[in-house]
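To start, the structure itself, in structure tokens.
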Amino acid sequence: MAGINFRTASKFATVTGNSASTTGSPNNATLLFTCPDSHEAEIVFLMVANEDTSTARVGIQVYHSDDNTYHYLVAEEAISGSNHTQFIGGGPLFLHAGDKVLLFRHHTGDLFDATLSARLYFTPAKRL
């Protein structure tokens, strides 16, 4: 039996987007991760840190490239000052080529950093 080959990827971003992305305004939120062409991604870790001393609210979206739609993973999560929240850790989130993970803050002055870790599986044939 052949082993499954994968590579890992980690992405880091400072959240600067101030609202959710939409089909008409795809660049509103901050892009954290895009699943590469000919790959499937298993997101195993997603954490957001509030770098400010006050409680602030963050949102997380997943873009599904097959039907060009944005979905909320988290619409609004309050994270206390100088703290963090782990959103994925108990089970993975699977993405396909072109799918994206995006984040946005609810107020311009909020300071968030995001960290994502994934396993990338090479899949040269497109799923049907």
- prompt: If you look at every heavy atom in S65 and A97, which pair is closest and at what distance?
  reply: OG-O, 3.0 Å

query: Is F45 close to T115 at the side-chain level, that is, under 4.5 Å between some pair of heavy atoms?
result: yes

message: For N68, I'd like to know if atom CG has over 12 heavy atoms of other residues, nucleotides or ligands within 6.0 Å.
response: yes

Residues that Y121 engages under side chain to side chain donor-acceptor pair (under 3.5 Å), provided they are two or more places apart: E42

- prompt: What closest approach, in Å, do F122 and S38 show between heavy atoms, and which atom pair accounts for it?
  reply: CD1-O, 3.3 Å

- line: Here the pair of heavy atoms bringing H96 nearest to C35 is O-CB, 3.2 Å

field: Of V15, L32, L73, the residue whose pairing with I60 passes side chain to side chain contact (heavy atoms under 4.5 Å, CB included)
entry: L73

query: Would you call I79 and F112 a side-chain contact if the rule is heavy atoms closer than 4.5 Å?
result: yes

query: When rounded to the nearest 0.5 angstrom, what is the spacing between OG1 in T53 and CG in L111?
result: 9.0 Å

message: Any heavy-atom pair between the side chains of L102 and Y63 that's under 4.5 Å?
response: yes

message: Using side-chain contact (heavy atoms from CB on, under 4.5 Å), reason through V58 and V74 one step at a time and then give a plain yes or no.
response: CA-CA 8 Å; V58 69; V74 175; 5.7 Å; no

- line: Smallest heavy-atom separation, S21 atom then A29 atom, equals OG-N, 3.0 Å

statement: Those residues at least two apart in sequence (or on a different chain) that pass side-chain contact (heavy atoms from CB on, under 4.5 Å) with L93 are I43, V62, I88, L95

field: Audit row: F104, N28, side-chain contact (heavy atoms from CB on, under 4.5 Å) steps and yes/no
entry: CA-CA 8 Å; F104 62 95; N28 287 350; over 6 Å; no

field: Nearest non-hydrogen partners of S80 and N50, listed with the distance
entry: O-ND2, 3.5 Å

query: Side chains of D67 and T69: donor-acceptor distance under 3.5 Å anywhere?
result: yes

- prompt: Say you draw a straight line from NE2 of H84 to CE of M47; how long is it, rounded to the nearest 0.5 Å?
  reply: 5.5 Å

- prompt: Do the side chain of R105 and the main chain of D110 share a donor and acceptor less than 3.5 angstrom apart?
  reply: yes

message: Pair F87, V48 - check side-chain contact (heavy atoms from CB on, under 4.5 Å), show working.
response: CA-CA 8 Å; F87 292 95; V48 178; 3.7 Å; yes

query: So do L120 and F6 actually touch side chain to side chain, heavy atoms under 4.5 Å?
result: no

message: I need the T34 OG1 to K11 NZ distance, nearest 0.5 Å.
response: 8.5 Å

- request: Can you sort out the partners of T85 under side chain to side chain donor-acceptor pair (under 3.5 Å), two or more places apart, ordered by chain and number?
  value: none

query: If every non-hydrogen atom of T55 is compared with every non-hydrogen atom of A78, which pair is closest and at what distance?
result: CG2-CB, 4.0 Å

